[in-house]
Undergrad: 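Can you read through this structure? Questions will come right after.
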Amino acid sequence: MSDSLPAPHSPPLPETKGVQFRNLDELLAYADSMRSAPADIARLNEFALQAADYLRSLPSENIGPAMKRLAVSLRRWGPQPAYNLLLRLEVLLGLRRPSVAIYDHTFQVIGGGQKYGCTIAHSLQDDFAVTLIANRPFSLEDQKRWYGLDLSRCGTKVVPLPFYEDGRWPAIDPEAAFTRPENPFVPISRESGNYDIFVNNSMLEMVCPLANVSLFVCHFPERRRSAHFYADRYDHLVHNSLYTAEWIRRKWKIEPTRHIYPPVDMEPPPGAVAKAKVILSVARFEVGGTKQQGRMVEAFRRLRQSHAAELNGWKLVLAGGSIARNPYLEKITEILAVEPDLPVELKVNISADELRRLYAQATIFWHFCGLYQEDPAQVEHFGMTIVEAMQNGCIPLVFDGGGQREIVVPGISGFRFRDLGEVQALTLRLIRQGELAAALAARARERGQRFTRERFVAEVRTLFAEIMSAYAPAARS
Amino acid sequence: MGTPAEILKQELAEIKELIRQQKEKAATLEELTGRGDLTGDYRVNFWELSPAELDREMGARLSAMNEDIDIRPRGDITSHRRILGPLIVAFKKLLRRLTAPYINLILDRQRRFNEDLVNFHLATFIRLRQTDERLRAFQEELRALREKVGENLPDER
C-alpha cells in the first residue's frame, strides 16, 4: 500500500549540471523564463546555484549594477518566490547561517509534542539561526525548567492570530478553523516565508508552508483532509512512531518521509534507590479520561480483593498533570475518598524531582491508554512515560496497541495486555516471580536506551545535514 | 567600496527589503506566491469517519452554523481609494440605509429559519449523545459482567 502513496512534496533535487551563465544577460533571461513557473523546484534549484556562482565571480564594481538588474527581474516573479531565492542566495554565498523557524501554537504549555520541538531547536541552535514561533507569549525559561533544555541561543517570536484574539478562545482550537471559509493560520504561513527552513511542530495541517524547505512533524493525524489542508505541501513529513505513520497513510493518503522517535531522558536520580512495592502510572489526567486511571483503580481493587496476601504492602501511585478544574480527576478523588483503606496515592502536578524519585522506587509501571477504545486517536501514539519508566528499571505492563507495541517487547522487556483480566494476571505473575521481574527490569532498562535524547539529536542532525547538502552544497558555501 | 562579499551582502539586503515591502502589501497567499492553487480545500468523506471523528465534525460544524445564524450585513463600510473613497463610502452607506428595511425583512425570516435549523440539529446532536452514552454504559456493564463470570472460572494461567 505504501509503495503507491505519494511523498508529501517532491524534495529539492540535487545540484544539476545545467548551463553556466556566461554573462548577466543570460542569467536574467533565465530568471525571466522562470517567472511563469517559479514553483518548479528543480529549475529554481538550478537557477539559485548558478546565480550564486555567477555573482561570486563578479568583480566588486559590477556587483551593484548586476544586482539592480536582477532585482527588476525578480519583482516579476511574485514577492514570495523572489524572497525565497534571495534567502537561498545569502546562504549559498556564505553571507549568513541558514535560518530555521520552529512553530508550535502550544509552546506556552508543557507537553511531549512541545518537548519534541524544543529538542529539535536544541539540536540545531549552534549551526542554524533558530527561532521558536508561537501564537501566545511563552518563555525559554519555562522550556528549560520543563525539559532541561538550554535554548538561550534561539530566538523567539509571537505571531498573534487575529481570529483567535477576539476573547472567545482561551486556547487556539484547530477544530474551529476547518469550518471557516477564511484560514485563521495564514499569518503563520506568511511568517514561514521569512526563513530558509520551516518546521511545523504544531500538528496544524492548516499552515501552508512558504519557506524554501519545510518539515511537518506529525505526532498523529487527528483530522482528515478537509478545508485548508496543506500537509501534502511540505517537503518532509516526520513522524514519531510507526503507528502514527500508518494512520498518516490511512487518513491523509500520503507517505511520511522520516521516522524519528521522541527524545526520552529520564535518567535515575544519583545514588542507588531501592525498588519498593509500588505500581506506578504516569499519565495526564485528561478530562475525557483517555488515560484510564479510573480503570487502574478498579483493577488494583480487584487484585487486592482476589489476592490479598500477595498484594500486602503494595500500593498504586497515580501521577500526572492536570488542569485546575478537572471533572475526571474529581471523580477519581471521590472514588478514593469512599475507600480510604485502598492504598492508592494521587500525585498531581508534581515536580520533576519527585517524579524522578517515583520512577526510581516503582517496580511495575501500568499504562492503560487505548484499553477498550475504538478511536485510534485515543490509543497512545508513542508513550513517552513508558520509556521513562523503563529507563528507571520499572517493568512496563501496557495496553497492546498503538505506539506501545514499538516500545515493549512482550516477555523480554515487559508485557502487553488486551483487557483488565490480563493485566491483573500479569501483575500477579510479576509479584510472585521475583527472578522473572528482576530479569525483565534489567532488559526494560536496556531497551529504554533506544529512545534517548542523544539518539534523537543524532537523527535530527543527520536529517538537517541531508537537507543542507541539497539546499546549499558545501562546496559553494 | 568593501570586499565583494560585503557588497553582495549589502545589495542583497537592499533587494530583500524591497521585496519584503511587496510581501507586506500582498493581501492573499495567492498574491504573495503568484500561484492560484493554494486553496488546500478537500471535501470530507463522512463515510470514512470513526464515531469520535463524526462527533467532532458535528460539534465543529454546529458551532460554526450557530455563529452564522444572523446573516445581515455587519461591519463598517470602508474604501481604500484615496480621493474617491469618502464619496464611495457615503454612497454605499446611503444605499444600505435605503434598502435596509426591505432586505432586513427577508433576512429576518432567514435568521429565524437558521435559528430553528441550528436548534433542531443541536437537539438531535444531544439526543444522539445521550443514546451513545447509554449504549456505552451498557457495554461497560456487559464487559464487567463477562469479566466477573470469567474470574469465577478455575484459574488456568
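Convention: sequence-line order gives letters A, B, ...; per-chain numbering from 1. Just so we're clear, the structure is a prediction, and the values are computed from it rather than from any experiment.
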Undergrad: With distance as the sole test, does B:D41 use its side chain to make a donor-acceptor pair with the main-chain N or O of A:A227 at under 3.5 Å?
TA: no
Undergrad: Within this structure, what is the CG-NZ distance for the pair B:L18 and A:K68, rounded to the nearest 0.5 Å?
TA: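 Result: 9.5 Å between the selected atoms.
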Undergrad: In terms of heavy-atom pairs under 4.5 Å, which option from B:N45, B:V44, B:L12 contacts chain A the most?
TA: B:L12
Undergrad: Given that the side chain runs from C-beta out, which part of A:L95 has a heavy atom under 4.5 Å from chain B: side chain, backbone, both or neither?
TA: both
Undergrad: Distance check, rounded to the nearest 0.5 Å: A:L93 atom CG versus B:L8 atom CG?
TA: 5.5 Å
Undergrad: To the closest 0.5 Å, what do you measure between OH (B:Y42) and OH (A:Y230)?
TA: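 The OH atom of A:Y230 is 9.5 Å from OH of B:Y42, to the nearest 0.5 Å.
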Undergrad: A:R223, A:R295, A:E222, A:E298: which one forms the most heavy-atom pairs within less than 4.5 Å of chain B?
TA: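 So the answer, after comparing A:R223, A:R295, A:E222, A:E298, is A:R295.
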Undergrad: With a 4.5 angstrom heavy-atom cut-off, could you sort out which part of A:N194 is near chain B: side chain, backbone, both or neither?
TA: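 When you check distances to chain B, atoms from both the backbone and side chain of A:N194 fall under 4.5 Å.
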Undergrad: Out of A:A71, A:A377, A:S226, A:P376, which one racks up the most heavy-atom pairs below 4.5 Å with chain B?
TA: A:S226
Undergrad: Can you tell me which portion of A:R429 sits under 4.5 Å from chain B's heavy atoms? Options are side chain, backbone, both or neither.
TA: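 For A:R429, no heavy atom lies under 4.5 Å from chain B.
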Undergrad: Chain B: which of A:E374, A:R96, A:K251, A:E205 shares the most heavy-atom pairs with it under 4.5 Å?
TA: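 Between A:E374, A:R96, A:K251, A:E205, the count favours A:K251.
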Undergrad: Once you round to the nearest 0.5 Å, how far does CG of A:L86 lie from CD of B:E14?
TA: 12.0 Å
Undergrad: Would B:R143 pass as a cation-pi partner of A:Y372, given that its NZ or CZ must be under 6.0 Å from the six-membered ring centre and within 45 degrees of the axis?
TA: yes
Undergrad: Is it the case that the side chain of A:R224 and the backbone of B:E48 share a donor-acceptor pair, with hydrogens and angles ignored and the cut-off at 3.5 Å?
TA: yes
Undergrad: Which atoms of A:L420 come close to chain B, meaning under 4.5 Å heavy atom to heavy atom: side chain ones, backbone ones, both, or neither?
TA: both
Undergrad: Check this for me: does any side-chain nitrogen of one of A:E90 and B:K16 sit under 4.0 Å from a carboxylate oxygen of the other?
TA: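 Yes, this pair counts.
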Undergrad: Is there any residue in residues 58-70 of chain B with a non-hydrogen atom under 4.5 Å from a non-hydrogen atom of chain A, and which ones are they?
TA: B:A60, B:R61, B:S63, B:A64, B:E67
Undergrad: Side chain to side chain donor-acceptor pair (under 3.5 Å) between B:R20 and A:Y83: does it pass, once the steps are laid out?
TA: CA-CA 7 Å; B:R20 195 193 60 75; A:Y83 201 79; 5.9 Å; no
Undergrad: Taking all non-hydrogen atoms of both residues into account, name the closest pair between A:G193 and B:K23 and its distance.
TA: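 Closest pair (atom of A:G193, atom of B:K23, distance): O-NZ, 3.5 Å.
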Undergrad: Rounded at 0.5 Å granularity, tell me how far CG in A:D375 sits from CG in B:L54.
TA: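 Here the rounded value is 10.5 Å.
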Undergrad: I'd like to know which of B:Q21, B:Q10, B:E140 tops the heavy-atom pair count under 4.5 Å against chain A.
TA: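 Top count of heavy-atom pairs under 4.5 Å with chain A: B:E140.
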Undergrad: Heavy atoms only: give me the nearest B:G2-A:S60 pair and the separation to one decimal.
TA: O-OG, 4.1 Å
Undergrad: Using a cut-off of 6.0 Å, state whether more than 12 heavy atoms not belonging to B:F46 lie near its atom CZ.
TA: yes
Undergrad: Checking B:L29 against chain A: side chain, backbone, both or neither under 4.5 Å from a heavy atom?
TA: side chain
Undergrad: Using a cut-off of under 4.5 Å for heavy-atom pairs, which of A:G64, A:A66, A:S189 has the most such pairs with chain B?
TA: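 Winner by heavy-atom pair count: A:G64.
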